[in-house]
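Everything on this sheet refers to the single structure shown next.
Just the heavy atoms: all of them, side chains too, but no hydrogens, waters or symmetry mates, feed the values below. All ligand and atom numbering here is 1-based and tracks the order in the structure. Note that the structure is predicted; figures quoted are calculated from it, not measured.
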Amino acid sequence: MSENIRPESMARITTPELAQAFINDQIAALKAQIGEKKVLLALSGGVDSSVTAALLIKAIGKNLVCVHVNHGLLRKGEPEQVIKVFRDELGATLIYVDAVDRFLDKLAGVSDPETKRKIIGKEFIDVFAEEAKKLEGIEFLAQGTIYPDILESVGVKAHHNVGGLPEDLRFELVESVKFLYKDEVRVVGKALGLPDGMVYRQPFPGPGLGVRCVGAITRDRLEALREADAIVREEIGKLPETPWQYFCAIPDIQSTGIKYVDGKGERYMGWAVVIRAVNTVDAVTATVPEIPFAVLCKMRDRIVKIPGINRVLWDISEKPVATIEWE
Ligand code: XMP
């Protein structure tokens with residue numbers, strides 16, 4: 001286990017200079033470990049896998065093969081950003097897998113949260129393994145494991161942790177950021193030139209919007225959630241101090257709305273979007289920050305324009321008794 005204990009001599013990476021020294025060391029170490037061989041990486045676009053990818057691109061260039069699985073539960077613009085940054089700007093070898101239908105078909109009618117998580121996790125590994133099997137000459141598997149993952153080892157990342165891969169795909173591991181804490185990963189990401197939107201991303205659960213589209217996921221409710229989430233991220237993101245995590249959930253309930261057609265009121269059923277913003281240190285407990293009422297109203301006015309939505313709620317529940325996510 002000693003190879004999984006952060007060396008005491010390792011200084012905390014807090015400045016661009018320290019980050020650059022870490023990057024230089026890692027590039028040399030990666031070149032020595034990998035040589036001319038090929039490395040496979042599941043690139044979600046989260047900060048950990050993105051920093052891992054950027055380091056490997058600097059070290060081995062095209063011999064890093066990134067696989068980005070779009071399971072349909074990502075936030076608005078995320079798959080596009082991964083392609084833009086890694087394929088277009090950094091010149092990475094990137095395989096983009098559109099697995100949206102496959103995931104949503106498997107999830108159709110499933111309302112139990114843990115079953116949903118298991119389906120997403122298993123499907124992710126299956127899709128990744130299928131892609132890996134098509135490739136030739138892969139000898140290493142890179143993972144964006146960070147130090148808290150090792151310390152906690154009960155991976156909230158379990159679904160993205162490709163440890164569940166079939167035997168013939170269990171390559172030698174490359175884990176360049178495994179001794180870094182989250183804040184250090186961000187400093188390194190910044191020094192590597194990754195965009196702020198990637199480096200300072202708020203935490204996002206592996207099962208993504210899947211656990212925020214409460215109950216059985218339907219495509220229309222999921223799309224409404226994705227739009228509302230983008231609005232909330234944009235508006236709350238403008239505050240001088242942003243909460244630790246802010247997002248939307250969409251419960252599987254409808255309530256009565258009214259719209260006026262030619263001056264005549266018509267009642268109809270629509271969904272309610274829930275705005276959630278929390279502050280926490282370790283996600284074990286969480287408090288609810290004040291959001292200026294004008295900002296809440298601005299979000300409401302934009303969210304009710306999304307087809308199917310007729311109500312906007314603000315979740316002021318703390319953890320405990322509520323969890324941060326709705327599922
Ligand atoms: P809860 O809802 O348990 O969330 O208060 C605590 C933190 O964990 C995140 N979370 C997850 N992350 N896979 C993940 O990778 C998951 O299944 C998952 N469930 C919750 C949540 O976003 C919050 O930051």
Side-chain angles (χ1 to χ4, degrees), residues 42-52 68-76 78 82 103 106-107 110-125 127-128 143-164 177-178 181-183 185-186 198 200-217 222 225-226 228-230 232-233 236-237 242-251 274-289 315-327:
L43 177 60
S44 67
V47 59
D48 306 337
S49 66
S50 296
V51 169
T52 302
H68 178 65
V69 178
N70 181 359
H71 50 31
L73 306 166
L74 298 169
R75 290 173 291 190
K76 188 172 177 176
E78 279 185 330
V82 168
F103 275 80
K106 280 260 159 50
L107 286 164
V110 180
S111 56
D112 174 62
E114 287 318 307
T115 312
K116 284 164 71 176
R117 279 189 170 81
K118 282 203 186 102
I119 290 173
I120 296 165
K122 180 180 177 306
E123 208 55 27
F124 183 87
I125 286 179
V127 172
F128 185 70
Q143 289 196 156
T145 312
I146 66 169
Y147 206 42
D149 299 332
I150 292 175
L151 297 178
E152 290 157 19
S153 75
V154 275
V156 281
K157 276 193 186 162
H159 85 291
H160 262 177
N161 188 334
V162 273
V177 294
K178 74 173 180 180
Y181 289 95
K182 197 74 168 193
D183 53 306
V185 181
R186 294 194 209 278
M198 219 164 225
Y200 300 109
R201 248 169 63 128
Q202 47 173 314
F204 185 56
L209 298 181
V211 290
R212 296 177 180 172
C213 192
V214 183
I217 298 168
L222 179 63
L225 169 65
R226 202 183 329 265
D229 176 73
V232 165
R233 281 190 294 134
I236 296 187
T242 50
W244 189 79
Q245 210 173 6
Y246 46 101
F247 57 88
C248 292
I250 186 160
V274 178
I275 298 172
R276 182 104 173 106
V278 293
N279 276 333
T280 179
V281 177
D282 49 15
V284 175
T285 61
T287 56
V288 177
D315 183 349
I316 56 166
S317 326
E318 297 191 321
K319 179 179 182 179
V321 291
T323 52
I324 294 174
E325 300 290 345
W326 265 56
E327 288 191 327

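With hydrogens and angles ignored, the 3.5 Å screen pairs no side-chain donor or acceptor of Lys76 with any backbone N or O of Ala228. The backbone N or O of Leu74 sits less than 3.5 Å from a side-chain atom of Arg226, completing a donor-acceptor pair.
Checked against a 3.5 angstrom limit, the closest N/O atoms of Gln245 and ligand 1 fall inside it. Here's the thing with Ile324: one of its N/O atoms is less than 3.5 angstrom from an N/O atom of ligand 1. Residue Phe204 has no N or O atom closer than 3.5 Å to an N or O atom of ligand 1.
Of all atoms in ligand 1, numbered sequentially from 1 with element shown, those under 4.0 Å from a heavy atom of Pro207 are 13 (N), 16 (C), 17 (O). Which parts of ligand 1 touch Lys319 is read off a 4.0 Å heavy-atom cut-off, strictly below it: atoms 1 (P), 3 (O), 5 (O), 6 (C). The distance from ligand 1 to the heavy atoms of Thr323 drops below 4.0 Å at these ligand atoms: 1 (P), 2 (O), 5 (O).
How far CG of Asp149 is from CD of Gln143: 9.5 Å, rounded to the nearest 0.5 Å. Summarising the geometry, atom CD1 belonging to Ile324 is positioned 5.0 Å from atom NZ belonging to Lys319; distances are rounded to the nearest 0.5 Å.
Taking each heavy atom of Lys178 and Ile150 in turn, the nearest pair found is O-CD1, 3.5 Å. Closest approach of Asn279 and Pro289 over heavy atoms only: ND2-CB, 3.6 Å.
Put simply, part of Trp244 is less than 4.0 Å from ligand 1, judged by heavy atoms.
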